[in-house]
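All remarks here apply to the structure that follows.
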Amino acid sequence: MSRKPATHRPRKRFGQNFLTDHSVIDRIADAIAASEQDHVVEIGPGQGALTETLAPLKCQLDVIELDRDLVPGLLAAFSIYPHFTLHNADALKFDFNTLGSAGAPLRVVGNLPYNISTPLIFKLLQDAPIIRDMHFMLQLEVVQRLAASPGSKHWGRLGIMAQYLCAVEHLFDVPPEAFNPPPKVQSAIVRLTPWQSSPWPECDQAQLRQVVQASFAQRRKTLRNNLKALIDSADLERLGIDPGARAETLELTQFIDIANAIHAK
Ligand code: SAM
């Protein structure tokens with residue numbers, strides 16, 4: 001299908017940076033590799049740059065767009081597809097369980113408005129049982145934090161909590177020129193696949209979040225200092241963790257060990 005001319009003036013408050021580079025659009029479509037059996041949910045279809053690679057695949061396709069001014073154009077382009085449904089709604093408030101309660105697990109995709117990306121990802125990860133995978137365009141720095149490894153400057157709350165819930169793959173980077181208007185930052189595509197069978201020991205998620213948040217409260221301080229309200233140094237040592245270490249050197253399993261030790265008290 002040929003691209004529609006850009007008739008809509010991009011709105012900053014909705015984070016509208018429309019993808020215009022076809023080689024990037026094709027690369028994203030290849031990474032998603034959707035098929036007719038899939039149930040795909042696209043967040044923020046905008047003017048349909050990604051939608052037009054998905055709709056002809058005849059997969060079940062639900063799109064969620066907040067800007068009602070974009071609705072007529074999307075309906076005009078895609079309502080010819082019988083498996084296409086448009087929701088004029090805020091993805092942050094949307095109940096994804098209404099889509100995924102029956103049938104195929106959801107494949108969620110989107111070139112996300114950067115201001116909602118983190119809350120949206122965690123909202124979706126809470127609904128993980130009904131989600132097979134997610135492919136998102138995000139700010140490069142957010143992807144680096146999501147995919148970070150222990151010891152790197154990007155390792156912190158976001159990556160630890162995300163990796164506890166899903167496999168994270170930084171697929172490729174996208175330059176500002178691929179969009180209209182070009183954003184001020186570099187972007188990247190990430191794939192998030194909720195664990196079907198988790199590689200991590202079980203742990204209370206709220207407890208883990210509290211431990212990770214406290215551990216990184218002051219990055220330059222030691223665990224002894226950052227965690228003193230939650231666990232004492234002797235208990236850290238019993239877990240084989242140096243109380244003089246900084247949080248950024250700890251592996252995810254060590255945060256889980258700390259959370260479980262606190263939870264068991
Ligand atoms: N997918 C299109 C593309 O790649 O060209 C548009 C991407 S643009 C970065 C983000 C889109 O998300 C816009 O269409 C915007 O109106 C929409 N949007 C912003 N906030 C939203 C929200 N809370 N829920 C659903 N859509 C939202």
Side-chain angles (χ1 to χ4, degrees), residues 1-32 34 40-57 59 61-78 81 84-99 106-124 126-127 131 134-143 171-191:
M1 182 194 280
S2 65
R3 294 280 293 117
K4 299 167 293 306
T7 49
H8 175 91
R9 223 167 113 211
R11 291 208 171 102
K12 217 171 169 180
R13 75 188 164 101
F14 290 137
Q16 290 176 352
N17 300 95
F18 297 117
L19 258 174
T20 50
D21 184 325
H22 282 270
S23 63
V24 173
I25 296 167
D26 289 346
R27 248 184 118 184
I28 299 171
D30 287 349
I32 299 168
V40 179
V41 182
E42 186 188 359
I43 297 168
Q47 295 181 302
L50 277 178
T51 324
E52 63 187 24
T53 69
L54 297 166
L57 300 174
C59 54
L61 178 60
D62 285 83
V63 303
I64 304 168
E65 174 56 61
L66 180 60
D67 185 352
R68 65 168 176 227
D69 289 351
L70 290 168
V71 168
L74 287 165
L75 287 176
F78 302 114
Y81 295 101
F84 173 84
T85 310
L86 172 73
H87 307 266
N88 181 205
D90 181 345
L92 283 175
K93 297 185 185 144
F94 194 82
D95 182 1
F96 288 84
N97 284 290
T98 59
L99 303 178
L106 305 179
R107 306 198 63 201
V108 185
V109 306
N111 168 14
L112 292 188
Y114 295 155
N115 56 336
I116 69 161
S117 59
T118 307
L120 185 65
I121 287 171
F122 280 98
K123 173 181 158 57
L124 288 163
Q126 298 314 320
D127 294 337
I131 292 177
M134 308 183 235
H135 290 80
F136 291 131
M137 171 94 73
L138 302 172
Q139 205 171 321
L140 171 61
E141 201 218 310
V142 175
V143 173
L171 297 184
F172 57 90
D173 296 346
V174 180
E177 309 83 71
F179 305 84
N180 173 42
K184 290 197 175 66
V185 291
Q186 293 283 332
S187 305
I189 299 290
V190 69
R191 178 186 292 138

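Note that the coordinates shown come from a computational prediction; the quantities given were computed from them, not determined experimentally. Note: hydrogens, waters and symmetry copies are ignored here, and every other heavy atom, side chains too, is used. Just follow the structure's listing: the first ligand is 1, and inside any ligand the first atom is 1.
Here's the thing with D90: one of its N/O atoms is less than 3.5 angstrom from an N/O atom of ligand 1.
Counting the atoms of ligand 1 from 1 in the order shown, those under 4.0 Å from a heavy atom of L19 are 3 (C), 4 (O), 5 (O). Atoms of ligand 1 lying under 4.0 Å from at least one heavy atom of A49, given by number and element, are 5 (O). For ligand 1, the atoms lying closer than 4.0 Å to a non-hydrogen atom of N17 are 7 (C), 8 (S), 9 (C). Ligand 1 places these atoms under 4.0 Å from at least one heavy atom of D67: 16 (O). When each atom of ligand 1 is checked for a heavy atom of I64 under 4.0 Å away, the hits are 25 (C), 26 (N).
The closest non-hydrogen atom to atom 13 (C) of ligand 1, taken over Q16, Q47, E42, comes from Q16. Of the listed options G46, P45, G15, P113, G15 places a heavy atom closest to atom 8 (S) of ligand 1. The closest heavy-atom contact to atom 11 (C) of ligand 1, among the options G44, A178, A91, A89, comes from G44. Distances from atom 17 (C) of ligand 1 to the heavy atoms of R11, E65, K93 put E65 nearest.
Y114 is linked by a ring-ring contact (aromatic ring centres under 6.0 Å, His included) to nothing, counting only residues two or more places apart in sequence or in another chain. Scored by the salt bridge (Lys or Arg N to Asp or Glu O under 4.0 Å) test, D69 finds R11 as partners (sequence neighbours excluded).
Checked by atom type and distance alone, the side chain of N17 never pairs as donor or acceptor with a backbone atom of N180 at under 3.5 Å. In this structure a side-chain-to-backbone donor-acceptor pair under 3.5 Å is missing from D62 to E42. Judged purely by atom type and a 3.5 angstrom limit, R107 uses its side chain to pair as donor or acceptor with the backbone of I32.
Counting heavy atoms closer than 4.0 Å to ligand 1, residue L50 contributes nothing at all. Proximity of I116 to ligand 1, defined as any heavy-atom pair under 4.0 Å, is confined to the side chain (atoms from C-beta onward).
Minimum heavy-atom separation, L54 to V40: CD1-CG1, 4.1 Å.
Within the 4.5 Å cutoff, the side chain of L112 has heavy atoms near those of the L138 side chain.
Ring planes of F94 and H87: perpendicular class, angle over 60° (limits at 30 and 60°).
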